[in-house]
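Worksheet for the structure shown next.
Counting from 1, the numbers follow the sequence of the chain as shown. Note that ligands are numbered from 1 as they come in the structure, with each ligand's atoms numbered from 1 the same way.
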Amino acid sequence: MKILVLPGDGIGPEIMKEAVKVLDKVAKKYSLDLEMEYGLVGGASIDAHGVPLRDEVLNLAKESEAVLLGAVGGPKWEGLDYSVRPERALLTLRKELGLFANLRPAKVYGPLVDASTLKRDVIEGTDIMVIRELTGGLYFGTPKGVERLESGEERGVNTLVYTTGEIERIARVAFDVAGKRSKRVTSVDKANVLEATELWRRVVTEVHGDYPDIELSHMYVDNCAMQLVRYPRQFDVILTENTFGDILSDEAAMLTGSIGMLPSASLGGKGGMYEPIHGSAPDIAGRDMANPIAMILSVAMMLRYSFDRGECGDDIENAVGSVLENGYRTRDISQPGMKSVGCKEMGEAISKEVGA
Ligand code: NAD
């Protein structure tokens, strides 16, 4: 298993250390053959080399089967031009690795059910995977821009565009992922109004023909936004285009209560990149206060999706569940009357549980 580890900035190195601890434990337990390289990314790379991502690191990423990324950015680099800011490294990695599918799970852990803003009986048992198309649609379509009309008014344009090939490849990711879960896909579109998403619905339905064991349903995006807060347990995999996915994945994330709990995967033709959905949290960096769980669950996703070792992913997820059950809480998920632990202690507890 060839893995490139990019801890990044802020809390990145702290949470990555705990995630690697857990990965090492799993590797020992299941006799996995790990080959890990480390690299600098984001602000750390700017400080050392003047650029957020060196070609050398990009090439290492291309040669690896998976990339584990902590987080990038921080106030120190905020004054820089957009073209050399830490976040540019992420965009370059996604583009160069051809990562067109973004997977964001939103799973509610029983012991944390009261951390959500929604009622216990609505969210209990929720376990959703949002699959968002990442490189097409409204964010990339042309024509785009703002122009001045002869009348003196301005006119802003963005274009929602998808080809059959782009839809087909993301649909296959969704059906493959559903095959490793509860085998249900809800494809979300606005086919009653937008032609491009009418094509989306048609192509997804055609691709579904190759996956007879997966159940497919279609839903309009406005209804989906409503159903997510009304009855989230009805969903397993939600498949959708870029803009709808951007919005729905944030909505789904909030069901679970804390940003420190949520991992993500970006997949493409080759390899994958795995990272927490949160940023570098400069306000708590270096103080042993970060929640390492999103990073640790990103490792679980990597084992499942890049290496097809779902049993190792399950083991990590179960260990996280048990540790929460045993009352361990970092400050962000702590509830009144509970003792909170630091990043290191949480990582150690999970790693111990995996080794058990
Ligand atoms: P953030 O996600 O870093 O932090 C938001 C809030 O959540 C903060 O109060 C932080 O302390 C808390 N938080 C985040 N992760 C946590 C964790 N694991 N445990 C406990 N608390 C946690 O977002 P921000 O403050 O808007 O951004 C900070 C920096 O991160 C910026 O430079 C931003 O550009 C960058 N950023 C990077 C990524 C990425 O690397 N993928 C994503 C988002 C933001």
Side-chain angles (χ1 to χ4, degrees), residues 4-22 39-47 52-53 57 61 67-95 97 99 102-104 109 112 115 117 132 134 246 249-250 253-254 256-266 272-299 301-302 320 323-324 328-335 338 340-347 349-350:
L4 176 64
V5 182
L6 302 174
D9 309 318
I11 60 169
E14 301 167 53
I15 56 173
M16 187 63 84
K17 201 168 167 195
E18 301 315 311
V20 169
K21 208 182 271 175
V22 172
L40 293 179
V41 70
S45 175
I46 294 173
D47 286 353
L53 182 73
V57 177
V67 177
L68 271 180
L69 190 131
V72 296
K76 184 175 175 191
W77 305 281
E78 263 162 25
L80 296 175
D81 187 76
Y82 276 101
S83 61
V84 288
R85 282 216 193 156
E87 291 77 4
R88 174 60 51 181
L90 293 185
L91 301 180
T92 307
L93 278 165
R94 285 179 192 146
K95 184 162 170 269
L97 298 176
L99 305 173
N102 188 226
L103 277 60
R104 276 174 57 167
Y109 282 88
L112 295 186
T117 49
R132 165 190 174 195
L134 207 53
D246 193 2
S249 60
D250 268 23
M254 265 319 290
T256 69
S258 171
I259 197 171
M261 296 289 299
L262 297 168
S264 77
S266 300
M273 188 156 88
Y274 301 84
E275 56 185 316
I277 71 160
H278 60 71
S280 58
D283 52 335
I284 56 167
R287 296 163 65 192
D288 192 32
M289 278 163 74
N291 184 349
I293 293 181
M295 190 72 244
I296 290 170
L297 292 175
S298 299
V299 169
M301 289 189 86
M302 175 186 79
V320 168
V323 163
L324 293 174
Y328 284 80
R329 299 284 188 277
T330 41
R331 209 185 50 138
D332 58 309
I333 50 173
S334 185
Q335 283 144 314
M338 279 188 157
S340 51
V341 300
C343 178
K344 202 163 163 226
E345 194 174 343
M346 179 62 100
I350 296 168

Polar atom proximity, L69 to ligand 1 (N or O, under 3.5 Å):
no
Of the backbone atoms (N, CA, C, O) and the side-chain heavy atoms from C-beta on, which set of I15 has a member under 4.0 Å from an atom of ligand 1: side chain, backbone, both, or neither?
neither
Taking 4.0 Å as the limit for heavy-atom contacts, which would you say applies to M295 with ligand 1: side chain only, backbone only, both, or neither?
neither
Within the 4.0 Å heavy-atom shell around A290, which atoms of ligand 1 are there?
19 (N)
Identity and separation of the nearest protein heavy atom to atom 34 (O) of ligand 1:
E87 OE2, 2.5 Å
Which ligand 1 atoms does G73 reach within 4.0 Å, using its non-hydrogen atoms?
32 (O)
Checking R85 side chain against L80 main chain: does a donor-acceptor pair fall under 3.5 Å?
yes
Do P282 and ligand 1 have an N or O pair less than 3.5 Å apart?
no
Give the atom numbers and elements of ligand 1 that come within less than 4.0 Å of a heavy atom of E275.
41 (N)
Starting from atom 3 (O) of ligand 1, which protein heavy atom do you reach first, and at what distance in Å?
A281 N, 2.8 Å
To atom 11 (O) of ligand 1, the nearest of D283, L6, D332 on a heavy-atom basis is D283
With atoms numbered from 1 as shown, which atoms in ligand 1 lie under 4.0 angstrom from a non-hydrogen atom of A71?
40 (O)
Would you say P276 has any N or O atom under 3.5 Å from an N or O of ligand 1, going by distance alone?
no
Does a salt bridge link D47 with K76, judged by any charged N lying under 4.0 Å from a carboxylate O?
yes
Given G279, S280, P86, identify the one with the heavy atom nearest to atom 29 (C) of ligand 1.
S280
